[in-house]
Amino acid sequence: MDDNIKQDNRAIFATKFGAIATTVGSAVGLGNIWRFPYEAGVHGGGAFLVCYMAFVFAIGVPVLCAEFCMGRGTRSNIFGAYRKLLPGSFWHLAGYIGIIASLLILSFYSVVAGWTIEYCVTSLFGQLDFSDKETGHMQFMAMTTGWRPILWTIIFLLCNFFILLGGVTKGIERASNVLMPLLFILLVAFCINSFTMPGFKEGISFLFHPDFSKITPSVLLGAMGQAFFSLSLGLGCMMTYASYFSDKSRLGKTAVTTALLDSVVAVLAGIIIFPAVFSFGISPEAGPTLVFEVLPFIFNQLPGGEIWSTLFFLLLFLASLTSTVSMSEISITYFCEEKKMSRKKALTVSSAIALIGGLLCALSFGPLSDVTVFGMTFFNLFDYASSNVFLPVGGMICSIFTGWVIDRKFLKDQLTDRGTFRFPMLSLLVFCLRWICPAAIFLILLNSTGLL
Ligand code: PHE
């Protein structure tokens, strides 16, 4: 990234509100509203929620603090951060995990974001018909299984391209400061509407009554992957963003606020989706298609449903953009700083890679649905590998590095702004980074391979 843009970005992130708004903008997206309900549905509801929350606070917040400290302390991208903190070592190779993960995520994420554009446009023109389960399903299939998703994926990637070309600054960040609270209000309104659904009780009990016997290695892995995915952790995204924070930003507070807001949005999405799932007799285990099959039912029930659904999918599309912009920054900074490309070229290269991946994922529901690798379609493989393997491994490396390798004083200085204010939880944080995070991640990964 050239200096101008860096300066530009820093100026925007200079306020405390800016720091929180951008991190929350990256964290809140399809991960909360699309991925959380589908993962919770597949993995037994309540049991998944309990594990997910435990991972967010026991692993997510410490790793988030660690990424923040590394990013702001070195003012570098993921490679530079490791390199500056321990020159001449091999730790910076963790950067490759981040880049591969970010491109894999960008690929399938753009497909889902493409669906949101299609839903937005179709409901704007009054063509979204979900009067019953069959029609809803057919309509979804018609939209996603042919070649059409390619068009929407390309359109989404173009939006992402142009925003990044103009700099992350002004437009999108300012818009998201207004639009994200609006999305939040809308979610709360839909949540209240859930109370009126016939399947309310069943849905709520599915989400909030954990059946601990359902906790299996795959539930643990899924919940851990979701915690990393939802908090944009383990791939250097938060590190890169933190490199634009001002010295005055309180890193610990920002980390906890981000985790809290992110979890609240996920839980709200669950309260919206599951009562509807049970009201309409859809299987909670439907997988990635769940939310798109269920949401339009809810809108159909509301007076002025089309307006609600257009607005909702529009906001979801924008929430996706604030997330893809942040994940694109990782590979762009890499190509600019490590491969000495211009920002425009770096952006073009990473968009082209995402486009190829995106095409494979877009066709995974139709023409390429029979092509599988490790028994998964490209879409499922990219989703699974990035969230459940790459991000946790990236997070584990970051926690070992900050917990064991670098001086504890570095963390202390970052978290207290060199002693300006107190950070009473330092010992707990270091304990988590040294022991809890690496051990938990390692054991869960091992467990899920069947080796343990
Ligand atoms: N956290 C984002 C979401 O929940 C997704 C994301 C993952 C963004 C990784 C950046 C990096 O939608």
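Remark: Trp404 CH2 is packed, more than 12 non-hydrogen atoms of other residues, nucleotides or ligands lying under 6.0 Å away. Surrounding CE of Met425 are at most 12 heavy atoms belonging to other residues, nucleotides or ligands under 6.0 Å away. Residue-environment remark: CG (Leu260) exceeds the threshold of 12 foreign heavy atoms within 6.0 Å. At most 12 non-hydrogen atoms from other residues, nucleotides or ligands lie less than 6.0 angstrom from CE of Met138. Within 6.0 Å of CZ on Phe208 lie more than 12 heavy atoms contributed by other residues, nucleotides or ligands.
A donor-acceptor contact shorter than 3.5 Å is absent between the side chain of Arg422 and the backbone of Thr416.
To the nearest 0.5 angstrom, Ile20 atom CD1 is 4.5 Å from Thr257 atom OG1. The CH2 atom of Trp152 sits 9.0 Å away from the SG atom of Cys120 when rounded to the nearest 0.5 Å. For the atom pair CG of Leu321 and CD1 of Ile163, the computed distance is 4.5 Å after rounding to the nearest 0.5 Å. Taking CE of Met70 as the start and OG1 of Thr240 as the end, the distance is 10.5 Å to the nearest 0.5 Å. Atom CG in Leu183 sits 4.5 Å away from atom CG in Leu187 (nearest 0.5 Å). Interatomic distance, Leu316 CG to Ser309 OG, rounded to the nearest 0.5 Å: 11.5 Å.
Counting heavy atoms from C-beta outward, Phe313 and Thr122 have side chains that stay 4.5 Å or more apart. A heavy-atom distance below 4.5 Å is not found between the side chains of Leu368 and Thr377. Two residues are said to be in side-chain contact when any heavy atoms from C-beta on lie closer than 4.5 Å; Cys398 and Tyr82 meet this criterion. The closest side-chain heavy-atom distance from Pro62 to Ile436 is not below 4.5 Å. For the pair Ile441/Phe228, a side-chain contact is recorded, criterion being any heavy-atom separation below 4.5 Å from C-beta on. Counting heavy atoms from C-beta outward, Ile273 and Phe36 have side chains that stay 4.5 Å or more apart. At least one side-chain heavy atom of Thr23 sits less than 4.5 Å from a side-chain heavy atom of Phe245. Using a 4.5 Å heavy-atom threshold, the side chains of Leu235 and Phe390 count as separate.
With sequence neighbours excluded, the residues satisfying side-chain contact (heavy atoms from CB on, under 4.5 Å) with Pro367 are Trp147, Leu363. Partners of Ser326 according to the side chain to side chain donor-acceptor pair (under 3.5 Å) rule, which considers only residues two or more places apart in sequence or in another chain, are Ser26. With sequence neighbours excluded, the residues that form a side chain to side chain donor-acceptor pair (under 3.5 Å) with Asp262 are Asn32, Ser230.
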Report, one line per pair, each donor and acceptor closer than 3.5 Å where one atom sits in a side chain of residues 277-294; sequence neighbours left out.
| unit_1 | atom_1 | unit_2 | atom_2 | d |
| --- | --- | --- | --- | --- |
| Ser279 | OG | Gly199 | N | 2.8 |
| Ser279 | OG | Pro275 | O | 2.6 |
| Ser283 | OG | Glu285 | N | 3.0 |
| Glu293 | OE1 | His137 | ND1 | 3.0 |
| Glu293 | OE2 | His137 | ND1 | 3.1 |

Could you walk me through whether Ser320 and Phe156 satisfy the side chain to side chain contact (heavy atoms under 4.5 Å, CB included) test, starting with their C-alpha distance in whole Å, then the side-chain angles of each, then the deciding distance to 0.1 Å, before giving a yes or no?
CA-CA 10 Å; Ser320 318; Phe156 181 80; 4.1 Å; yes
Apply side chain to side chain contact (heavy atoms under 4.5 Å, CB included) to Ile204 and Phe274, showing your working.
CA-CA 7 Å; Ile204 292 299; Phe274 289 111; over 6 Å; no
Residue pair Leu106, Ser328: steps toward the side chain to side chain contact (heavy atoms under 4.5 Å, CB included) verdict:
CA-CA 7 Å; Leu106 189 57; Ser328 309; 3.8 Å; yes
Would you sort out whether Phe423 and Leu411 count as a side chain to side chain contact (heavy atoms under 4.5 Å, CB included), showing the intermediate values?
CA-CA 10 Å; Phe423 182 78; Leu411 292 182; over 6 Å; no
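The heavy-atom pair separating Gly29 from Ser323 by the smallest distance is CA-OG, 3.9 Å. Taking both residues in full, the closest heavy atoms of Thr372 and Gly375 are given as CB-C, 3.9 Å, listed atom of the first, atom of the second, then distance. Here the closest non-hydrogen pair linking Gly403 and Leu433 is CA-CB, 4.0 Å. Between Ser386 and Leu104, the shortest heavy-atom distance links the atoms CB-CB, 4.2 Å. Heavy-atom minimum distance, Thr153 versus Val111: OG1-CA, 3.7 Å. In terms of heavy-atom proximity, Glu67 sits nearest to Met239 at OE1-N, 3.1 Å.
For residues 179-200, every residue pair satisfying the ring pair (Phe, Tyr, Trp, His ring centres under 6.0 Å) rule, not counting sequence neighbours, is listed here: Phe190-Phe299, Phe190-Trp308, Phe190-Phe312, Phe195-Phe200. Applying the salt bridge (Lys or Arg N to Asp or Glu O under 4.0 Å) test to residues at least two apart or on different chains, the pairs with a partner in residues 26-44 are Arg35-Glu39, Arg35-Asp383.
No side-chain N or O of Asn160 forms a donor-acceptor pair with one of Ser110 less than 3.5 Å apart.
By the 30° and 60° cut-offs, the orientation of the rings of Trp115 relative to Phe140 is perpendicular. Ring geometry for Phe229 against Tyr109 counts as tilted: the plane angle lies between 30° and 60°, on a 0 to 90° scale.
Here the two rings, on Phe382 and Phe108, have centers that are 6.0 Å apart or farther.
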